Amino acid sequence: MKQIIDSIIEKIAEAFQKEFSVEIKKEEIKLQPTKKEFEGSYTFVTFPYLRHTKKMPEQTGEIIGEYLTKNEKSIASYNVVKGFLNLSIEHSVWINLLGEIAQNENYGKGEYHGKKVMIEYSSPNTNKPLHLGHLRNIFLGYSLSLILKENGYDVMKVNLINDRGIHICKSMVAYQKFGNDEEPTADLKGDKLAGNYYVAFDKEYKKQIQELTEKFTKENPGKKEEEIKTIAENEAPILQEAKEMLRKWEAKDPEILTLWEKMNGWVYEGFDITYNKIGVDFDKQYYESDTYLLGKDLVEEGLSKKTFFKKEDGSVWVDLSEEGLDEKLLLRADGTSVYITQDMGTADRKHQDFPMESSVYVVGNEQEYHFKVLKLIMKKLGRDYADGIYHLSYGMVDLPSGKMKSREGTVVDADDLIDQMEETAKSRTSELGKIDDFSKEEAEKLYQSLALGALKYYLLKVEPRKRMLFNPEESIDFQGDTGVYLQYNHAKISAITRKAKEDGIDFSFDSYKELTSIEPLEEEVIYQLSLFPEKLCEAGENYSPSTIAGYAYELAKTYSRFYAESPIFGEENKAKKSFKIALSNQVANTIKRSLHLLGIESPERM
RNA sequence: GGUUCGCUAGCUCAACUGGAUAGAGCAACUGCCUUCUAAGCAGUAGGUUCCAGGUUCGAGUCCUGGGCGAAUCACCA
């Protein structure tokens, strides 16, 4: 379709030259889709050019429209409303276009250019199971990796696992105290087990704070409540134990390391089950226990380049006030590193492992400041990849009761949610009774596809930066603008192509290329199909799976109208019947490709 | 307090990066299954796009000021 649009634009430029004697650059001329209420497919807006044409908007439109119908054979007719010139395209152009799209199964796929991009997502802590917020992160990252690959990138998916630190020690301490050597079972995955002890730690910690506060208040009647609370929080014995454990861990205490490895191993097994179930994977895993000491040589490098500076106490800082930010600590006075130090080192390590032009971090929006700083620092250190650092920031998933908090156990657990949705899929499906001949395995697989389809689409259709509200009381829809609707349309069309093949109907381009006329809805469906390449491209440029979701829904909706009004196998005209089947088949293919880019499967039957 | 982000129908979200009468889904109401899958289709109703100015042929979109909400500005990660 691009050639046709380009050709029309060229002719518009020509019209300006011949009719108005003005030179307008082709790049300045834009066509936009015609609004549904008006006749036509593409619209040219005349307002910006009136100072050149020195004519009224309607007149300008008429003159250009007249010129185009005479000189551009793809234009069938035109109409001018106010200053908008609406162009209708010849039916034969649409028919040929369908043929072209149908013959190219990679229609719209970006040419492989080999530019490297790394996408980091998921990045879980090993002290708690995955919840709904993680799912938004994971689905975004995974979908984005597919979208960029389809746009011709060489993509590396990585997971940076946060496997050390005080929070990990908290669940370990609680396990030591209350665990009684409990082990994961079929009913209790390893990540769930660890998560339970993280919650147990918090419970005990709160209890101790309460006790200490009461005790201190008695002992120091005059003291401010807040001060006492702060002291209690710091002095609670169980927290001291966790801190002590972290010191031992850093000193490589064998007993602690054994416990750490054992518990983390359980968690990884638990995570793998979930990753596997939701159909995502990674090309490489990084562990923070390997990377947390990195970055110190970068601090040295920065000092010698005088990019960083040392304060009297020996701590190292960078001054970002020119960039409108503050001074930022990079190394503590005792020589230990902070969060940003690690991330600097990790950025370099990643680039050594995979020399990428851009590096995408799928991380929640509460870390926007952190990544802004990281990018600036790496730039100051002269890293050429710094410009390619991109923080794909997304909003939190909130519950009606507020924020999800793992340590308080107020989260929507990922596994539970998926199980629950599979149940819904199961009961809906059996109510409808369309797959009674399925084997048990086939049926289970379908429920899973539908449950994940609904969930992934639900999380991906919303623009990432918006926070979203999830109400567990109202289950995720299977109707309307949903993943299931798209899957349903795919399955519906699959039935048509199955029947066509059984009946031995040819629906290749040859079978309908003689057709001269098509219906408006058919034209609209082909128009939608022709948008796939630009939508794919746009999704890649904006790192935006929601673009694909919105596109697929529009396509399916347009097709559904066609499907409802226009019987296919009842069609008398043979060429027309073949055309309708080809059109349907192409819609199914495009829906399938779009869903695939969102990480969603397209069942043949449902 | 500074910075960033968000605010569109009762609810959840769109709006092709400045275009025409702001669109979908859910919820409500009306029709449509003896013909290719009704997890669907068609329709009714629902709006001061947070407010006030400005820029221009044209503003939900850009600028200024204000309101509400969130995040962040840690020697936590």
Side-chain angles (χ1 to χ4, degrees), chain A residues 30 32-38 43 45-48 50-51 57 81-84 86 125 162 164-168 288 292 313 315 317 324-326 328-334 336-340 342-343 364-370 372-373 393 395-396 398 403 425 428-429 431-432 434-435 450 454 458 461-463 465-471 474 476-482 484-489 491-500 503 531 534-535 538 542 546-547 549-551 553-554 556-557 560-571 580-581 584 605-606:
Chain A
K30 279 198 334 194
Q32 50 188 263
T34 303
K35 291 243 166 192
K36 285 203 179 94
E37 315 83 275
F38 302 96
T43 296
V45 185
T46 61
F47 295 107
L50 299 182
R51 60 198 166 93
V81 182
K82 296 183 202 165
F84 298 87
N86 302 319
N125 292 339
N162 206 306
R164 64 161 286 282
I166 187 75
H167 50 299
I168 309 298
E288 206 190 287
Y292 84 107
D313 64 356
S315 56
W317 298 71
L325 302 175
D326 216 342
K328 181 89 189 167
L329 177 88
L330 300 177
L331 205 64
R332 296 189 186 101
D334 64 5
T336 56
S337 53
V338 290
Y339 180 40
I340 191 90
Q342 293 177 38
D343 256 11
N365 61 6
E366 73 274 16
Q367 294 200 32
E368 269 167 16
Y369 181 77
H370 172 78
K372 208 167 162 184
V373 171
S393 163
M396 294 290 113
D398 288 328
K403 240 178 131 166
R428 288 302 295 271
T429 306
E431 267 171 42
L432 294 169
K434 293 177 185 172
I435 59 150
L450 296 178
Y458 177 83
K461 76 168 176 175
V462 180
E463 230 186 308
R465 71 165 168 278
K466 291 207 177 181
R467 0 188 319 229
M468 45 194 305
L469 187 83
F470 178 78
N471 191 345
E474 302 164 17
I476 292 175
D477 263 313
F478 279 40
Q479 276 165 13
D481 184 4
T482 65
V484 175
Y485 175 81
L486 296 174
Q487 291 172 315
Y488 172 69
N489 272 282
K492 207 162 70 172
I493 299 173
S494 296
I496 292 172
T497 43
R498 268 198 306 273
K499 187 165 157 58
D503 296 356
L531 292 179
E534 60 184 86
K535 293 293 178 182
E538 190 186 325
N542 299 336
S546 65
T547 301
Y551 166 71
Y553 179 61
E554 278 305 316
K557 210 152 58 90
S560 285
R561 275 196 290 150
F562 159 77
Y563 177 91
E565 300 188 355
S566 178
I568 291 172
F569 291 102
E571 174 65 52
K580 285 181 177 181
I581 295 169
S584 303
R605 284 183 55 193
M606 60 186 272

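Nothing here was measured: the structure is a model prediction, and the numbers come from that model. Sequence lines set the chain letters: A, B, ... in the order given, protein chains first and strands last, and positions in each chain run from 1.
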> Can you find an N or O donor on one side and an acceptor on the other, under 3.5 Å apart, linking the side chain of N542(A) with the base of rC16(B)?
Replying inline: no
>> Suppose we screen for side chain to side chain contact (heavy atoms under 4.5 Å, CB included). Which residues come up paired with L469(A), at least two apart in sequence or across chains?
In response: D398(A)
> Who passes side chain to side chain contact (heavy atoms under 4.5 Å, CB included) against A500(A), sequence neighbours left out?
Replying inline: I505(A), F507(A), F569(A), I581(A)
> For the side chain of S560(A) and the backbone of A556(A), is there at least one donor-acceptor N/O pair under 3.5 Å apart?
Replying inline: yes
Pairwise N/O distances under 3.5 Å, protein to nucleotides 3-11 of chain B:
from	atom 1	to	atom 2	distance (Å)
rG6(B)	OP1	R465(A)	NE	2.7
rG6(B)	OP1	R465(A)	NH2	3.3
rC7(B)	OP1	K466(A)	NZ	3.0

> What dot-bracket string describes RNA chain B from 5' to 3', counting Watson-Crick and G-U wobble pairs whose defining distances are under 3.5 Å, with [ ] for crossing pairs and | for pairs to another strand?
Replying inline: (((((((..((((.....[...)))).(((((.......))))).....(((((..]....))))))))))))....
>> Counting only side-chain nitrogens and oxygens, does K403(A) get under 4.0 Å of the OP1 or OP2 atom of rA70(B)?
In response: no
Quick test: give all pairs of protein nitrogen or oxygen and nucleotides 57-65 of chain B nitrogen or oxygen below 3.5 Å, distance rounded to 0.1 Å.
none

> Is there a donor on the side chain of S546(A) or the base of rA14(B) sitting less than 3.5 Å from an acceptor on the other?
Replying inline: no
> Going by atom types only, do S566(A) and K580(A) share a side-chain donor-acceptor pair under 3.5 Å?
Replying inline: yes
>> What does the B/S/- profile of nucleotides 39-47 of chain B look like, 5' to 3', with a 4.0 Å heavy-atom cutoff to protein?
In response: BSSS-----
>> If I take atom CD in residue Q342(A) and atom C1' in nucleotide rC75(B), what distance separates them, rounded to the nearest angstrom?
In response: 14 Å
> Between rA71(B), rG19(B), rA14(B), which nucleotide has the shortest distance from any of its atoms to the side chain of E366(A)?
Replying inline: rA71(B)
